[in-house]
J.: 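Okay, here's the structure, questions in a sec.
Protein chains get the first letters and strands the later ones, always in sequence-line order, with residue 1 at the start of each. Excluded from the calculations below are hydrogen atoms, water molecules and symmetry mates; all remaining heavy atoms, backbone and side chain alike, are included. Values in this document were obtained by computation on a predicted structure and should not be read as measured data.
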Amino acid sequence: MPSRELPLSLLHERVNGWYAEAGRKELPWRAPDATPWGVFLSEVMSQQTPLSRVEPIWREWMARWPTPADLAGAAPGDAVRAWGRLGYPRRALRLHEAATAMVERHDGEVPRDHEALLALPGVGAYTAAAVSCFAFGNPEVVIDTNVRRVLARTLEGKALPHVTLNRAESDLAREAMPAERDRANTWNVAVMELGALVCVARGPRCEQCPVADLCAWNLDGRPAYDGPPRRGQAWHGTDRQVRGEILRRLREAHASVPLATLVDAGDDPDQVMRCLDSLVADGLIEPLARGRFRLPA
DNA sequence: GAAACGTGGTT
DNA sequence: TAACCAAGTTT
């Protein structure tokens with residue numbers, strides 16, 4: 001339960017004021033002339049990915065595919081190749097599918113409402129809310145890892161939020177949002193920005209925080225995280241590593257590649273074969289005759 | 001609800 | 001160095 005003693009209006013004023021002064025205004029998808037498509041692209045690219053790596057790829061994509069129709073008209077493999085090393089390359093495929101859906105169902109435009117956005121491939125609760133808010137000014141409840149951490153600290157006095165987002169936390173985020181539309185829209189981006197720049201997971205810069213004197217966690221002496229263990233993700237020797245290596249080779253090939261040049265993408269040939277199968281099943285690679293592979297045409 | 005899904009910088 | 005973490009989504 002949130003502390004009812006914390007005056008939300010003061011929190012809103014401080015956080016929004018801080019954003020006006022300290023928020024990153026140079027991010028291209030925050031420019032006044034940014035299109036909904038540009039915002040959409042930035043949100044999908046930013047899933048689980050630091051913005052510093054997103055920006056150069058975003059610029060390349062916007063120059064090459066400035067509208068949904070442009071991407072829909074390209075080969076899916078071109079999207080996968082242009083994705084480069086951003087990670088989670090299925091996002092590139094889903095972006096291509098989403099662009100196609102926009103052309104077929106939405107007159108080539110990014111849909112404006114939450115429901116239609118949520119129906120697009122690769123768009124979940126966060127991305128639907130973020131695009132609806134940031135591209136179209138709808139006061140959605142936008143909840144990402146930054147928002148969750150800031151609210152856990154300021155309102156609940158906890159070092160980190162629970163492992164998984166639950167109903168109570170969503171309700172809390174809704175209650176914490178300003179009622180007035182413009183303030184709510186600024187709040188959404190401002191809280192995220194505060195979490196990204198100041199209220200970070202490790203080594204929070206509370207001395208720079210505009211709400212340090214209101215923050216339940218800070219006022220309580222910043223107690224350590226005491227929830228259930230947060231499992232890290234294995235990497236070395238996993239299918240993910242092998243899939244990544246296979247895809248890296250195909251991206252760099254610019255033509256079809258024989259199995260022989262892929263079979264050492266991992267230590268275990270059986271694992272490599274399994275990963276090739278799963279990549280085909282995902283639509284990320286295309287099998288050709290005589291055991292050759294390429295990015296999907 | 002848990003697990004899979006990339007990649008690279010930071011601690 | 002190993003672990004953590006990053007504007008999550010899908011199955």
J.: On the side chain of R53(A), is there an atom forming a donor-acceptor pair with the base of dT7(B) - under 3.5 Å, no angle test?
T.: yes
J.: Look at the side chain of R231(A) and decide which nucleotide, out of dA3(B), dA7(C), dG8(C), has an atom nearest to it.
T.: dA3(B)
J.: When rounded to the nearest Å, what value does the distance between C1' atoms of dG8(C) and dG1(B) take?
T.: 16 Å
J.: Is V44(A) touching bases, backbone alone, or none of the nucleic acid, heavy atoms closer than 4.0 Å?
T.: nothing
J.: OP1, OP2 of dT9(C) versus side-chain N and O of R91(A): anything below 4.0 Å?
T.: no
J.: Does a side-chain N or O of Q48(A) approach OP1 or OP2 of dG8(C) to a distance below 4.0 Å, or not?
T.: yes
J.: Please figure out whether R230(A) or F134(A) has its closest DNA chain C nucleotide nearer the 5' end.
T.: R230(A)
J.: Do any side-chain nitrogens or oxygens of T127(A) fall under 4.0 Å of OP1 or OP2 in dT9(C)?
T.: yes
J.: Looking at R94(A) and E97(A), does any basic side-chain N land under 4.0 Å from a carboxylate oxygen?
T.: no
J.: Expressed as a whole number of angstroms, how long is the span from R90(A):CZ to dG8(C):P?
T.: 16 Å
J.: Which part of the nucleic acid, if any, lies within reach of L51(A) when heavy atoms closer than 4.0 Å are counted: base, sugar-phosphate only, or nothing?
T.: base
J.: Between R205(A) (CZ) and dT10(B) (P), how many Å, whole number?
T.: 11 Å
J.: Using OP1 and OP2 only, check whether a side-chain N or O of R85(A) sits under 4.0 Å from dG8(B).
T.: yes
J.: Using atom P in both nucleotides, what's the gap between dT11(B) and dA7(C) to the nearest angstrom?
T.: 14 Å
J.: By nearest heavy atom, map S46(A) and R94(A) onto DNA chain C; which one lands nearer the 5' end?
T.: S46(A)
J.: Please work out if A130(A) contacts a base, only the sugar-phosphate, or nothing of the nucleic acid, heavy-atom cut-off 4.0 Å.
T.: nothing
J.: Work out how far the P atom of dC4(C) is from that of dA3(B), and round it to whole angstrom.
T.: 15 Å
J.: For the pair made of CH2 in W235(A) and P in dA6(C), what is the distance, rounded to whole Å?
T.: 18 Å
J.: Which nucleotide wins on minimum distance to the side chain of Y88(A), given the candidates dG8(C), dG8(B), dA7(C)?
T.: dG8(C)
J.: Atom CD1 of I246(A) and atom P of dG6(B): how far apart are they, to the nearest Å?
T.: 11 Å
J.: Looking at dA6(C), I'd like to know if its phosphate oxygens (OP1 or OP2) sit under 4.0 Å from a side-chain N or O belonging to R149(A).
T.: yes
J.: Within this structure, what is the CZ-CD distance for the pair R183(A) and E13(A), rounded to the nearest 0.5 Å?
T.: 9.0 Å
J.: Side chain of T164(A), heavy atoms from C-beta onward: which of dA2(B), dT9(C), dT7(B) has the nearest atom to it?
T.: dA2(B)
J.: Applying side chain to side chain contact (heavy atoms under 4.5 Å, CB included) to Q233(A) and T238(A), what does each step give before you reach the verdict?
T.: CA-CA 10 Å; Q233(A) 296 176 332; T238(A) 62; over 6 Å; no
J.: Taking only N and O in the side chain of T145(A), is any of them less than 4.0 Å away from OP1 or OP2 of dA6(C)?
T.: yes
J.: Give one of base, sugar-phosphate or nothing for P50(A), where a contact means two heavy atoms less than 4.0 Å apart.
T.: base
J.: Of the candidate nucleotides dG6(B), dG9(B), dA7(C), which contains the atom at the shortest distance from the side chain of R202(A)?
T.: dG9(B)
J.: Nearest whole Å is fine: how far is dG1(B) P from E169(A) CD?
T.: 12 Å
J.: In whole angstrom, give the distance that lies between atom CG of D239(A) and atom P of dT7(B).
T.: 13 Å
J.: Have S278(A) and R243(A) got a donor and an acceptor in their side chains that come within less than 3.5 Å?
T.: yes
J.: Just call it for W29(A): base, sugar-phosphate, or nothing, with non-hydrogen atoms closer than 4.0 Å on any strand.
T.: base
J.: Figure out the CG/P separation between N166(A) and dG1(B), and round it to whole Å.
T.: 8 Å
J.: Just the rounded figure in Å: distance from C1' of dA7(C) to CZ of R30(A).
T.: 9 Å
J.: By the 4.0 Å heavy-atom rule, please label Q233(A) as base, sugar-phosphate, or nothing.
T.: base
J.: Determine: side-chain N/O of R251(A) to OP1/OP2 of dT7(B), distance under 4.0 Å, yes or no.
T.: yes
J.: How is G124(A) classified with respect to the nucleic acid when contacts are heavy atoms under 4.0 Å: base, sugar-phosphate, or nothing?
T.: sugar-phosphate
J.: Do R274(A) and D270(A) meet the salt-bridge criterion of a basic N to acidic O distance under 4.0 Å?
T.: no
J.: When the P atoms of dG6(B) and dT11(C) are compared, how many Å lie between them, rounded to an integer?
T.: 13 Å
J.: May I ask you to decide if the ring planes of W65(A) and W61(A) are parallel, tilted or perpendicular, using 30° and 60° as cut-offs?
T.: perpendicular
J.: Is R30(A) paired with E193(A) through a side-chain N to carboxylate O contact shorter than 4.0 Å?
T.: yes
